[in-house]
Amino acid sequence: MSTVARTRAFPIRDYDLAATLTCGQTFRWHKRDGCWIGVIGTRWVRLQATPGSLVAETAGLNSDWNWLTRYLQLGLDLGAVLRTFPEDEPMRAAVGACRGLRLLRQDPWECLASFILSSTKQIVQIRQIICLLCERYGEVLTVPPARELAYSFPSAARLARLTEAELRSCKTGFRAPYLLTAARRVADGRLDLSRLQSLSVEAARAELTSLPGVGPKIADCVLLFAYGFPSAFPLDVWVTKALQELYFRRRAVPLSHLRRFASVHFGPNAGYAQQYLFHYIRHFRSR
DNA sequence: TACCAGGAGAGCG
DNA sequence: CGCTCTCATGGT
């Protein structure tokens, strides 16, 4: 039965939609009347979490929903992932505090650009910057009647034509030239983001970190959130704090040491474990 | 007001 | 390699 519809319900369990959309892996979702409204690619989407299912509404008709199931990773067996985590007290606490937190599979360009803009910014500020960029340089999207305007994330080609001053007027600060360089490299083909999916995680990381303003942390965010490399382990100030507090008795440990520890301790889905630690330390052990 | 934010790069010893 | 400084700006 290939129904064409504007809405669809997906049976799912252990999916904490709110945590997933607000935990710092994506920046454009907002809550309205108990639902989550956002943009995936060039589609306006409204999501409602109900017990046992997710209900999705779009502006236009869909004959297939693969773009959505892929983004939300609805086919993932979360339990199988959690079973690969180390059986220690910190991981039990982190997972127990937020059962149902998921990793999304995002568009590489939007993810790369977003995290270039993320450095030494709070998540609320990152959201502001990206919102400004989309309103000014994104495309107006079709939305259902009586809904607020929605915009696509601006393409690399669009941003490549901007001046640094125009980018700085979106509050990007010292990150403006970084974003501009990335946009130009992607737009003129020197950097082929779709090719990275076929590379080893090390080779893909090397490609990303060749961009100015993209170091190991931002590269690993893109490797994990856009390409789904399960071993990518973004080590930011929060995860650093979590590791020191939970595994090193609150002692300051060199970053290189933490990287080594993370790569051996958390197993094949270290990136997933990282997201639970990030969420846990930010919401339950702040300061 | 002071501190800090999902960092990275350059300069230094 | 490890440390320090700078970059820009606004939230808390």
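These numbers come from the heavy atoms of this one structure, side chains and all, not from hydrogens, waters or symmetry mates. Not measured: the values here are computed from a predicted model. A note on names: the letters A, B, ... follow the listed sequences, proteins ahead of strands, and every chain is numbered from 1.
- A salt bridge is absent between A:R99 and A:D14; no separation between the charged side-chain nitrogens and carboxylate oxygens falls under 4.0 Å.
- A:D236 contributes atom CG, which lies 11.5 Å from atom OG1 of A:T120 (distance to the nearest 0.5 angstrom).
- A:R92 and A:E89 are joined by a salt bridge, as a carboxylate oxygen and a charged side-chain nitrogen come within less than 4.0 angstrom of each other.
- Rounded to whole Å, the C1' atom of B:dT1 lies 22 Å from the corresponding atom of C:dC7.
- Taking a 4.0 Å limit (strictly below) on heavy-atom distances, residues 258-265 of chain A does not reach DNA chain C anywhere.
- Remark: A:R136 pairs with no residue by the salt bridge (charged side-chain N to carboxylate O under 4.0 Å, His left out) rule, at least two apart or across chains.
- A:H265 meets the ring pair (Phe, Tyr, Trp, His ring centres under 6.0 Å) test with A:Y247, A:F261; sequence neighbours excluded.
- Under the stacking definition used here (centres under 5.5 Å, planes under 30°), the residue A:F115 fails to qualify as stacked on the base of B:dG6.
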Got a list of side-chain donor-acceptor pairs under 3.5 Å for residues 139-151 of chain A, not counting sequence neighbours?
unit_1, atom_1, unit_2, atom_2, d
A:E148, OE2, A:R32, NE, 3.1
A:E148, OE2, A:R32, NH2, 3.2

Write out a two-atom table: protein N or O, nucleotide N or O from nucleotides 9-13 of chain B, distance below 3.5 Å.
unit_1, atom_1, unit_2, atom_2, d
B:dG9, OP1, A:G213, N, 3.1

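- A:K217 has its NZ atom 9 Å from the P atom of B:dG6, to the nearest Å.
- Atom SG of A:C221 sits about 11.5 Å away from atom CD1 of A:I116, to the nearest 0.5 Å.
- Among residues two or more places apart in sequence or in another chain, the salt bridge (charged side-chain N to carboxylate O under 4.0 Å, His left out) test is passed with A:D188 by A:R190.
- Qualifying salt bridge (charged side-chain N to carboxylate O under 4.0 Å, His left out) partners for A:R168, counting only residues two or more places apart in sequence or in other chains: A:E164.
- By the salt bridge (charged side-chain N to carboxylate O under 4.0 Å, His left out) test, A:E57 pairs with A:R6, A:R46, sequence neighbours left out.
- Across C:dA8 and B:dA10, the matching P atoms stand 16 Å from one another, rounded to whole Å.
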Could you tabulate the donor-acceptor pairs under 3.5 Å formed by side-chain atoms of residues 128-135 of chain A, not counting sequence neighbours?
none

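- Under 3.5 Å, the side chain of A:Q125 and the base of B:dG6 form no donor-acceptor pair of N or O atoms.
- In this entry the distance linking CG of A:L117 with P of B:dA8 reads 13 Å, nearest Å.
- No contact: A:F27 has no heavy atom under 4.0 Å from any strand.
- Contact footprint of chain A on DNA chain C: nucleotides with an atom under 4.0 Å from a non-hydrogen protein atom, first to last in 5' to 3' order, C:dG2 to C:dG11.
- Checking A:Q128 against A:T120, the closest nucleotide of DNA chain C that is more toward the 5' end is the one next to A:T120.
- Taking the six-membered ring where tryptophan is involved, the planes of A:F85 and A:Y276 are perpendicular, since the angle between them exceeds 60° and thus also 30°.
- For the atom pair CD (A:Q275) and NE2 (A:H279), the distance works out to 8.5 Å, reported to the nearest 0.5 Å.
- B:dG6 and C:dT6: their P atoms are spaced 23 Å apart (whole Å).
- Rounded to whole Å, atom C1' of B:dG6 lies 12 Å from atom CD of A:Q25.
- Residues from residues 158-176 of chain A that place a heavy atom under 4.0 Å from any atom of DNA chain C, listed by number: A:R168, A:K171, A:G173, A:F174, A:R175.
- Hydrophobic cluster membership of A:W65, counting Ile, Leu, Val, Met, Phe, Trp and Tyr whose side-chain heavy atoms lie under 4.5 Å apart directly or via other members: A:F10, A:I12, A:Y15, A:L17, A:L21, A:W29, A:W36, A:I40, A:V45, A:L47, A:L54, A:W67, A:L68, A:Y71, A:L72, A:L74, A:L104.
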